[in-house]
Amino acid sequence: MVKSVLLVANEFPREAPETHLALALAQREQATLTGFVAVNVEDLQSIGPAAAGAFSYKYQIAQERLEHGLTDSRRALGAVESLAEERGFENFRPMYLEGERDRLLVDVWRFQDIAFMSTKLWSPGLRIRGDAAAVLSLVARGLRPLIAVPPTAERTDPRSALICLSGSLDSAKAFKQFLALNLFGDLPLHIVTIGQPKSGESPQALLAQATEYARAVGYTEVKPTVLDTPNDGDRVKVITGHAREIGAGIIVSGSSYRHFLVMTRFGTHALGLLDSSPVPVFVSH
(Lines give C-alpha, C1' and ligand atoms only; values in the text may rest on other atoms or scores of the structure.)
Protein backbone atom coordinates (compact mmCIF):
# COMPACT_ATOMS: atom_id res chain seq x y z
CA MET A 1 0.00 0.00 0.00
CA VAL A 2 1.38 3.39 -1.03
CA LYS A 3 -0.12 6.42 0.70
CA SER A 4 2.70 8.96 0.59
CA VAL A 5 4.88 9.76 -2.42
CA LEU A 6 7.86 12.12 -2.27
CA LEU A 7 9.01 14.00 -5.35
CA VAL A 8 12.34 15.84 -5.28
CA ALA A 9 11.46 18.57 -7.73
CA ASN A 10 13.69 19.39 -10.66
CA GLU A 11 14.41 22.78 -12.18
CA PHE A 12 11.98 22.16 -15.05
CA PRO A 13 9.47 19.73 -13.53
CA ARG A 14 7.03 19.66 -16.45
CA GLU A 15 9.74 18.18 -18.66
CA ALA A 16 11.17 15.91 -15.95
CA PRO A 17 9.97 12.27 -16.24
CA GLU A 18 10.12 11.74 -12.46
CA THR A 19 7.36 14.35 -12.05
CA HIS A 20 4.99 12.44 -14.30
CA LEU A 21 5.82 9.06 -12.76
CA ALA A 22 5.35 10.31 -9.20
CA LEU A 23 2.11 12.13 -10.00
CA ALA A 24 0.65 9.15 -11.86
CA LEU A 25 1.43 6.82 -8.95
CA ALA A 26 -0.01 9.18 -6.32
CA GLN A 27 -3.16 9.70 -8.36
CA ARG A 28 -3.62 5.99 -8.99
CA GLU A 29 -3.12 5.09 -5.33
CA GLN A 30 -5.01 8.13 -4.00
CA ALA A 31 -1.88 9.00 -2.06
CA THR A 32 -0.44 12.33 -0.99
CA LEU A 33 2.27 13.71 -3.26
CA THR A 34 4.83 15.92 -1.52
CA GLY A 35 6.89 18.14 -3.80
CA PHE A 36 10.22 18.95 -2.13
CA VAL A 37 12.68 21.74 -2.81
CA ALA A 38 15.44 22.96 -0.50
CA VAL A 39 17.48 26.13 -0.95
CA ASN A 40 20.81 26.27 0.82
CA VAL A 41 20.85 30.00 1.57
CA GLU A 42 24.15 29.83 3.44
CA ASP A 43 25.96 28.21 0.54
CA LEU A 44 24.50 30.61 -1.99
CA GLN A 45 25.53 33.64 0.09
CA SER A 46 29.04 32.35 0.71
CA ILE A 47 31.50 34.37 -1.36
CA GLY A 48 34.81 33.48 0.29
CA PRO A 49 37.87 35.73 0.36
CA ALA A 50 38.12 38.46 -2.25
CA ALA A 51 40.93 40.65 -3.50
CA ALA A 52 40.85 44.38 -2.87
CA GLY A 53 38.18 45.98 -4.99
CA ALA A 54 36.58 42.66 -5.92
CA PHE A 55 34.46 42.14 -2.81
CA SER A 56 31.47 44.17 -4.02
CA TYR A 57 31.45 42.29 -7.31
CA LYS A 58 31.54 38.90 -5.59
CA TYR A 59 28.85 40.03 -3.18
CA GLN A 60 26.64 41.03 -6.11
CA ILE A 61 27.17 37.64 -7.73
CA ALA A 62 26.24 35.88 -4.49
CA GLN A 63 23.07 37.95 -4.12
CA GLU A 64 22.03 37.25 -7.69
CA ARG A 65 22.67 33.56 -7.14
CA LEU A 66 20.53 33.59 -4.02
CA GLU A 67 17.73 35.48 -5.75
CA HIS A 68 17.73 33.02 -8.63
CA GLY A 69 17.72 30.08 -6.24
CA LEU A 70 14.76 31.37 -4.26
CA THR A 71 12.78 32.33 -7.36
CA ASP A 72 13.50 29.14 -9.31
CA SER A 73 12.67 26.85 -6.39
CA ARG A 74 9.25 28.40 -5.84
CA ARG A 75 8.60 28.40 -9.58
CA ALA A 76 9.45 24.71 -9.75
CA LEU A 77 6.99 23.78 -7.00
CA GLY A 78 4.37 25.99 -8.62
CA ALA A 79 4.81 24.12 -11.90
CA VAL A 80 4.26 20.76 -10.20
CA GLU A 81 1.17 22.09 -8.45
CA SER A 82 -0.17 23.47 -11.72
CA LEU A 83 0.34 20.12 -13.45
CA ALA A 84 -1.45 18.33 -10.60
CA GLU A 85 -4.41 20.71 -10.90
CA GLU A 86 -4.60 20.10 -14.65
CA ARG A 87 -4.93 16.38 -13.96
CA GLY A 88 -7.56 16.85 -11.28
CA PHE A 89 -5.24 15.72 -8.50
CA GLU A 90 -5.96 17.46 -5.21
CA ASN A 91 -3.54 15.77 -2.79
CA PHE A 92 -0.42 17.74 -3.68
CA ARG A 93 1.58 19.27 -0.85
CA PRO A 94 4.37 21.70 -1.74
CA MET A 95 7.29 21.69 0.69
CA TYR A 96 9.73 24.55 0.32
CA LEU A 97 12.55 24.56 2.88
CA GLU A 98 15.74 26.52 3.44
CA GLY A 99 18.87 24.72 4.60
CA GLU A 100 21.13 21.81 3.73
CA ARG A 101 19.22 19.69 1.21
CA ASP A 102 20.25 16.18 2.17
CA ARG A 103 19.63 16.63 5.88
CA LEU A 104 16.23 18.20 5.29
CA LEU A 105 15.32 15.59 2.71
CA VAL A 106 16.07 12.72 5.08
CA ASP A 107 13.87 14.35 7.73
CA VAL A 108 10.99 14.72 5.30
CA TRP A 109 11.49 11.14 4.08
CA ARG A 110 10.69 9.59 7.47
CA PHE A 111 6.96 9.38 6.73
CA GLN A 112 7.02 8.66 3.00
CA ASP A 113 6.60 5.34 1.19
CA ILE A 114 8.57 5.95 -2.00
CA ALA A 115 10.72 8.78 -3.36
CA PHE A 116 11.22 9.86 -6.97
CA MET A 117 14.21 11.95 -7.99
CA SER A 118 16.42 12.63 -10.97
CA THR A 119 19.76 10.89 -11.33
CA LYS A 120 21.04 14.47 -11.75
CA LEU A 121 19.91 16.22 -8.58
CA TRP A 122 19.27 19.96 -8.81
CA SER A 123 20.62 22.51 -6.34
CA PRO A 124 18.62 25.76 -6.74
CA GLY A 125 20.82 28.76 -7.49
CA LEU A 126 23.78 26.72 -8.70
CA ARG A 127 24.62 25.83 -12.28
CA ILE A 128 25.96 22.40 -11.43
CA ARG A 129 24.05 19.13 -11.18
CA GLY A 130 24.67 16.29 -8.78
CA ASP A 131 25.80 12.88 -9.99
CA ALA A 132 25.02 9.28 -9.10
CA ALA A 133 27.10 9.51 -5.93
CA ALA A 134 24.78 12.28 -4.70
CA VAL A 135 21.81 9.93 -5.09
CA LEU A 136 23.57 7.03 -3.41
CA SER A 137 24.64 9.25 -0.52
CA LEU A 138 20.93 9.69 0.23
CA VAL A 139 20.52 5.92 0.15
CA ALA A 140 23.38 5.61 2.63
CA ARG A 141 21.68 8.15 4.90
CA GLY A 142 18.58 5.95 4.97
CA LEU A 143 16.42 7.42 2.19
CA ARG A 144 15.22 4.22 0.60
CA PRO A 145 13.51 2.86 -1.35
CA LEU A 146 13.80 5.43 -4.08
CA ILE A 147 13.44 5.55 -7.84
CA ALA A 148 16.22 7.45 -9.60
CA VAL A 149 15.08 8.65 -13.01
CA PRO A 150 17.43 9.65 -15.86
CA PRO A 151 16.41 12.86 -17.67
CA THR A 152 15.85 10.96 -20.93
CA ALA A 153 13.49 8.32 -19.48
CA GLU A 154 9.92 7.87 -20.63
CA ARG A 155 7.24 9.86 -18.81
CA THR A 156 4.80 6.94 -18.70
CA ASP A 157 4.63 3.97 -16.32
CA PRO A 158 7.05 1.14 -17.12
CA ARG A 159 5.51 -1.83 -18.88
CA SER A 160 8.07 -4.38 -17.64
CA ALA A 161 10.77 -4.62 -14.99
CA LEU A 162 14.31 -5.98 -15.10
CA ILE A 163 15.22 -7.48 -11.72
CA CYS A 164 18.96 -7.85 -11.07
CA LEU A 165 19.93 -10.50 -8.53
CA SER A 166 23.50 -11.13 -7.43
CA GLY A 167 22.81 -13.62 -4.68
CA SER A 168 23.49 -10.94 -2.05
CA LEU A 169 21.03 -10.09 0.70
CA ASP A 170 20.87 -6.49 -0.53
CA SER A 171 19.68 -7.41 -4.01
CA ALA A 172 17.13 -9.87 -2.57
CA LYS A 173 15.75 -7.18 -0.26
CA ALA A 174 15.40 -4.72 -3.12
CA PHE A 175 13.61 -7.38 -5.18
CA LYS A 176 11.17 -8.23 -2.38
CA GLN A 177 10.47 -4.61 -1.53
CA PHE A 178 9.76 -3.72 -5.16
CA LEU A 179 7.27 -6.59 -5.41
CA ALA A 180 5.63 -5.76 -2.09
CA LEU A 181 5.08 -2.10 -3.00
CA ASN A 182 3.43 -3.16 -6.29
CA LEU A 183 3.99 0.31 -7.71
CA PHE A 184 3.01 -0.48 -11.29
CA GLY A 185 0.69 -3.46 -10.98
CA ASP A 186 1.25 -6.95 -12.36
CA LEU A 187 3.86 -5.97 -14.91
CA PRO A 188 6.08 -8.63 -16.56
CA LEU A 189 9.24 -9.40 -14.58
CA HIS A 190 12.54 -10.31 -16.21
CA ILE A 191 14.75 -11.71 -13.44
CA VAL A 192 18.42 -11.99 -14.31
CA THR A 193 21.71 -12.91 -12.69
CA ILE A 194 25.17 -12.63 -14.17
CA GLY A 195 27.63 -15.46 -13.75
CA GLN A 196 28.11 -17.14 -10.38
CA PRO A 197 25.92 -15.74 -7.55
CA LYS A 198 27.66 -14.35 -4.45
CA SER A 199 25.69 -16.85 -2.35
CA GLY A 200 27.62 -19.75 -3.88
CA GLU A 201 24.55 -21.51 -5.29
CA SER A 202 24.06 -22.09 -9.00
CA PRO A 203 22.50 -19.30 -11.09
CA GLN A 204 19.63 -21.62 -11.95
CA ALA A 205 18.89 -22.34 -8.28
CA LEU A 206 18.89 -18.62 -7.42
CA LEU A 207 16.54 -17.76 -10.28
CA ALA A 208 14.23 -20.68 -9.53
CA GLN A 209 13.73 -19.45 -5.96
CA ALA A 210 13.17 -15.88 -7.09
CA THR A 211 10.67 -16.96 -9.74
CA GLU A 212 8.74 -19.06 -7.24
CA TYR A 213 8.60 -16.13 -4.82
CA ALA A 214 7.42 -13.65 -7.46
CA ARG A 215 4.61 -15.94 -8.59
CA ALA A 216 3.62 -16.65 -5.00
CA VAL A 217 3.05 -12.94 -4.32
CA GLY A 218 0.91 -12.55 -7.43
CA TYR A 219 3.08 -11.74 -10.44
CA THR A 220 1.89 -13.81 -13.35
CA GLU A 221 4.52 -13.22 -16.04
CA VAL A 222 8.02 -14.03 -14.80
CA LYS A 223 10.99 -14.84 -17.04
CA PRO A 224 14.30 -15.93 -15.43
CA THR A 225 17.53 -15.54 -17.44
CA VAL A 226 21.18 -16.29 -16.76
CA LEU A 227 23.43 -13.72 -18.43
CA ASP A 228 27.03 -14.48 -19.30
CA THR A 229 29.82 -12.88 -17.31
CA PRO A 230 31.44 -10.25 -19.57
CA ASN A 231 35.10 -10.70 -20.45
CA ASP A 232 35.87 -7.12 -19.45
CA GLY A 233 33.99 -7.45 -16.16
CA ASP A 234 31.57 -4.65 -17.05
CA ARG A 235 28.32 -6.01 -15.64
CA VAL A 236 26.63 -2.63 -15.92
CA LYS A 237 26.99 -2.74 -19.70
CA VAL A 238 25.42 -6.21 -19.73
CA ILE A 239 22.47 -5.06 -17.60
CA THR A 240 21.75 -1.88 -19.55
CA GLY A 241 22.18 -3.71 -22.84
CA HIS A 242 19.72 -6.40 -21.75
CA ALA A 243 17.29 -3.73 -20.55
CA ARG A 244 17.30 -2.18 -24.02
CA GLU A 245 17.01 -5.57 -25.70
CA ILE A 246 13.86 -6.59 -23.80
CA GLY A 247 12.38 -3.09 -23.61
CA ALA A 248 12.44 -2.93 -19.80
CA GLY A 249 10.88 0.18 -18.30
CA ILE A 250 12.59 0.00 -14.90
CA ILE A 251 15.62 -1.72 -13.39
CA VAL A 252 15.56 -3.05 -9.82
CA SER A 253 18.91 -3.21 -8.06
CA GLY A 254 20.45 -3.37 -4.60
CA SER A 255 22.43 -0.26 -3.72
CA SER A 256 25.76 -2.05 -3.11
CA TYR A 257 27.39 0.78 -1.17
CA ARG A 258 30.20 0.49 1.35
CA HIS A 259 31.39 2.54 4.31
CA PHE A 260 27.88 3.34 5.46
CA LEU A 261 27.34 7.09 6.05
CA VAL A 262 31.01 7.90 5.47
CA MET A 263 30.23 7.69 1.77
CA THR A 264 33.81 7.68 0.59
CA ARG A 265 33.38 4.68 -1.64
CA PHE A 266 30.41 3.18 -3.45
CA GLY A 267 30.11 -0.04 -5.36
CA THR A 268 31.02 0.53 -8.99
CA HIS A 269 27.97 -1.47 -10.00
CA ALA A 270 25.51 0.92 -8.34
CA LEU A 271 27.28 4.07 -9.51
CA GLY A 272 27.65 2.82 -13.06
CA LEU A 273 24.04 1.72 -13.25
CA LEU A 274 22.70 5.10 -12.16
CA ASP A 275 25.07 6.89 -14.52
CA SER A 276 24.23 4.87 -17.62
CA SER A 277 20.76 3.36 -17.21
CA PRO A 278 18.33 4.40 -19.97
CA VAL A 279 15.37 3.80 -17.63
CA PRO A 280 14.46 4.52 -13.98
CA VAL A 281 16.31 2.51 -11.32
CA PHE A 282 14.64 1.27 -8.13
CA VAL A 283 17.26 1.31 -5.36
CA SER A 284 16.80 -0.08 -1.88
CA HIS A 285 18.92 -1.31 1.03
Side-chain angles (χ1 to χ4, degrees), residues 4-13 16-19 21-22 32-48 62 65-66 68-77 80 93-151 170 173-174 177 253-275 277 280-285:
S4 53
V5 180
L6 177 62
L7 169 66
V8 182
N10 215 328
E11 185 175 6
F12 302 106
E18 65 269 15
T19 304
L21 292 171
T32 298
L33 175 63
T34 299
F36 173 94
V37 169
V39 179
N40 196 326
V41 174
E42 184 176 341
D43 276 1
L44 293 178
Q45 287 182 318
S46 176
I47 58 175
R65 193 168 58 185
L66 175 60
H68 289 157
L70 296 173
T71 300
D72 290 350
S73 61
R74 295 188 183 277
R75 176 191 53 76
L77 284 185
V80 179
R93 180 177 63 170
M95 184 168 289
Y96 167 87
L97 298 173
E98 295 183 5
E100 197 269 313
R101 181 195 62 202
D102 290 4
R103 180 183 62 79
L104 294 170
L105 188 51
V106 169
D107 286 344
V108 172
W109 165 251
R110 290 176 299 170
F111 303 106
Q112 305 289 328
D113 294 317
I114 184 72
F116 287 81
M117 65 186 66
S118 175
T119 54
K120 307 292 184 182
L121 287 170
W122 172 51
S123 296
L126 301 178
R127 297 185 180 277
I128 58 173
R129 293 277 182 156
D131 56 13
V135 175
L136 286 179
S137 70
L138 292 171
V139 176
R141 286 173 178 258
L143 200 159
R144 52 187 186 267
L146 63 82
I147 295 180
V149 186
D170 284 341
K173 286 179 178 178
Q177 193 162 32
S253 173
S255 57
S256 187
Y257 54 81
R258 299 182 179 89
H259 295 294
F260 190 72
L261 288 183
V262 177
M263 294 172 285
T264 57
R265 178 185 174 197
F266 290 93
T268 55
H269 172 85
L271 282 170
L273 192 55
L274 289 183
D275 273 334
S277 175
V281 181
F282 177 90
V283 184
S284 180
H285 297 281

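In what follows, residues are counted from 1 in the order of the sequence shown. Since the model is a prediction, treat every value here as computed from it, not as a measurement.
In this structure, I147 CD1 and I114 CD1 are separated by 4.5 Å, a value rounded to the nearest 0.5 Å. The CD atom of E100 sits 6.5 Å away from the CG atom of N40 when rounded to the nearest 0.5 Å. Taking OG1 of T119 as the reference point, atom CG of L136 lies at 11.0 Å (rounded to 0.5 Å). R75 CZ to F12 CZ: the interatomic distance, rounded to the nearest 0.5 Å, is 5.5 Å. Between L271 atom CG and D131 atom CG the span is 8.0 Å, to the nearest 0.5 Å. A distance of 11.0 Å separates CG of L33 from CE of M95, quoted to the nearest 0.5 Å.
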inquiry  = Apply side-chain hydrogen bond (donor to acceptor under 3.5 Å, both in side chains) to residues S284 and R144 and explain how you reach the verdict.
reply    = CA-CA 5 Å; S284 180; R144 52 187 186 267; 5.6 Å; no
key: Full working for side chain to side chain contact (heavy atoms under 4.5 Å, CB included) between D72 and V37   = CA-CA 10 Å; D72 290 350; V37 169; over 6 Å; no
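With contacts defined as side-chain heavy-atom distances shorter than 4.5 Å, the pair V139/L146 qualifies. Residues K120 and V149 have side chains not in contact (no heavy-atom distance under 4.5 Å, counting atoms from C-beta outward). In this structure the side chain of L273 never reaches within 4.5 angstrom of the side chain of V283, judged on heavy atoms. Using a 4.5 Å heavy-atom threshold, the side chains of L143 and D102 count as separate. Annotation: side chain of T71 is not in contact with side chain of H68 (no heavy-atom distance under 4.5 Å). Under the 4.5 Å side-chain criterion, counting only non-hydrogen atoms from C-beta, L7 is in contact with E18.
With hydrogens and angles ignored, the 3.5 Å screen pairs a side-chain donor or acceptor of S73 with a backbone N or O of L70. Side chain of S277 to main chain of P150: no donor-acceptor pair is present (N/O by atom type, distance under 3.5 Å, no hydrogens or angles). No donor-acceptor pair under 3.5 Å is formed between the side chain of D113 and the backbone N or O of V5.
For R74, the side-chain contact (heavy atoms from CB on, under 4.5 Å) partners at least two apart in sequence or on another chain are Y96. Here L121 pairs with V8, R101, M117, A134, V135, L138 under the side-chain contact (heavy atoms from CB on, under 4.5 Å) rule; sequence neighbours left out. Under the rule for a salt bridge (charged side-chain N to carboxylate O under 4.0 Å, His left out), the partners of R103 that lie at least two apart in sequence or sit in another chain are D107.
Of all heavy-atom pairs spanning Q112 and L6, the tightest one is OE1-N, 3.6 Å. Closest of all the heavy-atom pairs between P13 and A76 is CG-O, 3.3 Å. Looking at every heavy atom in both residues, W109 comes nearest to P145 through CH2-O, 3.3 Å. The minimum heavy-atom distance between F116 and A22, with the atom names listed, is CD1-CB, 3.6 Å.
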